[in-house]
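Reviewing the structure listed below.
Worth saying up front: this structure is predicted, and the values here are computed from it rather than measured.
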Amino acid sequence: MAARALEAAAVHNVGRMFGSTVALRNVSERFEAGSVALVEGANGSGKSTLLAMLSSSLRPTTGRVEWPPLGDDAERVRAHVGWLGHDALVYPDLSGFENLHWAAQLYGLEPASVDSTAERLGIGAFARRPVRTMSRGQRQRIALARAILHRPSLLLLDEPTTGLDRDGVALLLRVVREEAEGGAIVVVIAHEAGLAERLGARSVRINRGQVVERVAAPSAEAPPG
């Protein structure tokens, strides 16, 4: 399998202001290819702001972001990012497959990539329906399919378990591990207890815009959830 484009995603002493509100202050962190990192913290602590900076969609007020070997070239990086945010952000009047084929065209992919991704996520049973008729969990799975469709180097997942049932969560965790094993940089925001162990992820805890704790990934011998 061909190597992915990015070796890492890193922030260096970044700060971010929204008016007079400090969202992040002096944060430095590096996320390596082939690994999963779990970003934790209370609501409003700056987690989503950090993800937005890593995606290149938000610039820091101070400090810098880089994506070796592409440096700080945000325009080039965007083609290598897969994103799943709080909202699924799929077109409600299109079917799941139509959403995925539209995304495939944007990335210059063959239609077969949609079929293989749909099979991987087991969405064929409902992906022919308009998204507006789907449950929250089904929409989330369509959005996840879109995020990994182009085999991104940097996969950013903001509370991806929202709306998923037990089987959906198990599927998500499997896909996250597979993406990391395939060389992707995976950064996940989530609140579920024990998720770091189930993902084999290291943890980064943020409080009031600052990194306050780092926990190494559990032993590789630990059984996946």
Side-chain angles (χ1 to χ4, degrees), residues 5-32 35-68 70-92 103 106 136 139-140 142-144 146-148 150 152-164 172 176 184-193 195-196 199 201-215:
L6 303 181
E7 298 169 359
V11 292
H12 301 281
N13 299 313
V14 297
R16 177 66 197 195
M17 300 285 294
F18 293 98
S20 60
T21 301
V22 179
L24 288 177
R25 67 180 80 218
N26 197 36
V27 172
S28 294
E29 201 66 43
R30 183 180 175 93
F31 303 94
E32 299 286 349
S35 68
V36 184
L38 183 67
V39 180
E40 301 175 290
N43 291 337
S45 60
K47 306 184 301 298
S48 294
T49 299
L50 176 60
L51 238 62
M53 286 186 184
L54 291 172
S55 76
S56 80
S57 64
L58 183 68
R59 293 186 178 184
T61 305
T62 58
R64 65 188 179 91
V65 187
E66 66 168 351
W67 302 268
L70 300 183
D72 60 359
D73 191 338
E75 292 296 326
R76 291 178 64 195
V77 163
R78 285 176 190 146
H80 304 290
V81 175
W83 174 275
L84 176 59
H86 285 289
D87 298 316
L89 296 179
V90 286
Y91 291 102
L106 288 180
R136 178 69 176 87
R139 293 196 302 272
Q140 192 79 339
I142 296 295
L144 177 61
R146 184 190 58 194
I148 65 171
H150 58 300
S153 286
L154 177 58
L155 181 60
L156 304 172
L157 307 174
D158 196 345
E159 299 190 22
T161 60
T162 301
L164 296 179
L172 169 74
V176 166
I185 308 156
V186 186
V187 185
V188 182
I189 291 176
H191 298 284
E192 288 86 347
L195 197 61
L199 284 173
R202 72 182 182 93
S203 298
V204 178
R205 179 167 290 278
I206 298 179
N207 184 46
R208 296 184 179 182
Q210 294 180 296
V211 175
V212 295
E213 184 181 24
R214 296 178 177 89
V215 179

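Taking the side chain as every heavy atom from C-beta outward, E40 and H191 never approach each other to under 4.5 Å. Contact check for L156 versus L84: no side-chain heavy atoms found under the 4.5 Å cut-off. At least one side-chain heavy atom of V65 sits less than 4.5 Å from a side-chain heavy atom of P60. Between V204 and E29 the shortest side-chain heavy-atom distance falls below 4.5 Å. Here the side chains of T161 and L172 are in contact, with some heavy-atom distance below 4.5 Å. Considering only heavy atoms from C-beta on, L24 comes within 4.5 Å of M53 through its side chain. R202 is listed as a side-chain neighbour of F31, based on a closest heavy-atom distance under 4.5 Å. Side-chain contact between E66 and P68 is present, with heavy atoms from C-beta onward closer than 4.5 Å.
The number of heavy-atom neighbours closer than 6.0 Å to CZ of R78, taken from other residues, nucleotides and ligands shown, is above 12. When the shell of 6.0 Å around CZ of R59 is examined, it contains 12 or fewer heavy atoms from other residues, nucleotides or ligands.
Interatomic distance, L6 CG to H80 NE2, rounded to the nearest 0.5 Å: 6.0 Å. Note that OG of S56 and CG of L154 are 9.0 Å apart. Values are rounded to the nearest 0.5 Å. With values rounded to the nearest 0.5 angstrom, L51 atom CG is found 9.0 Å from H86 atom NE2.
A donor atom on one side chain and an acceptor atom on the other are not found under 3.5 Å apart for R16 and T49. Checking D158 against S48 by side-chain atom types alone, a donor-acceptor pair falls below 3.5 Å.
With I206 as reference, L50 is the one residue of L50, V212, I189 to meet the side chain to side chain contact (heavy atoms under 4.5 Å, CB included) rule.
The closest donor-acceptor contact from the side chain of S28 to the backbone of H12 lies at 3.5 Å or more, if one exists at all. The closest donor-acceptor contact from the side chain of R146 to the backbone of L89 lies under 3.5 Å.
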So S45 and N207, side chain to side chain donor-acceptor pair (under 3.5 Å) or not? Walk me through it. CA-CA 5 Å; S45 60; N207 184 46; over 6 Å; no
Tell me, with the steps shown, if E7 and R30 meet salt bridge (charged side-chain N to carboxylate O under 4.0 Å, His left out). CA-CA 10 Å; E7 298 169 359; R30 183 180 175 93; 5.4 Å; no
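The existence of a salt bridge linking E159 and K47 is excluded, since no basic side-chain nitrogen approaches an acidic carboxylate oxygen closer than 4.0 Å.
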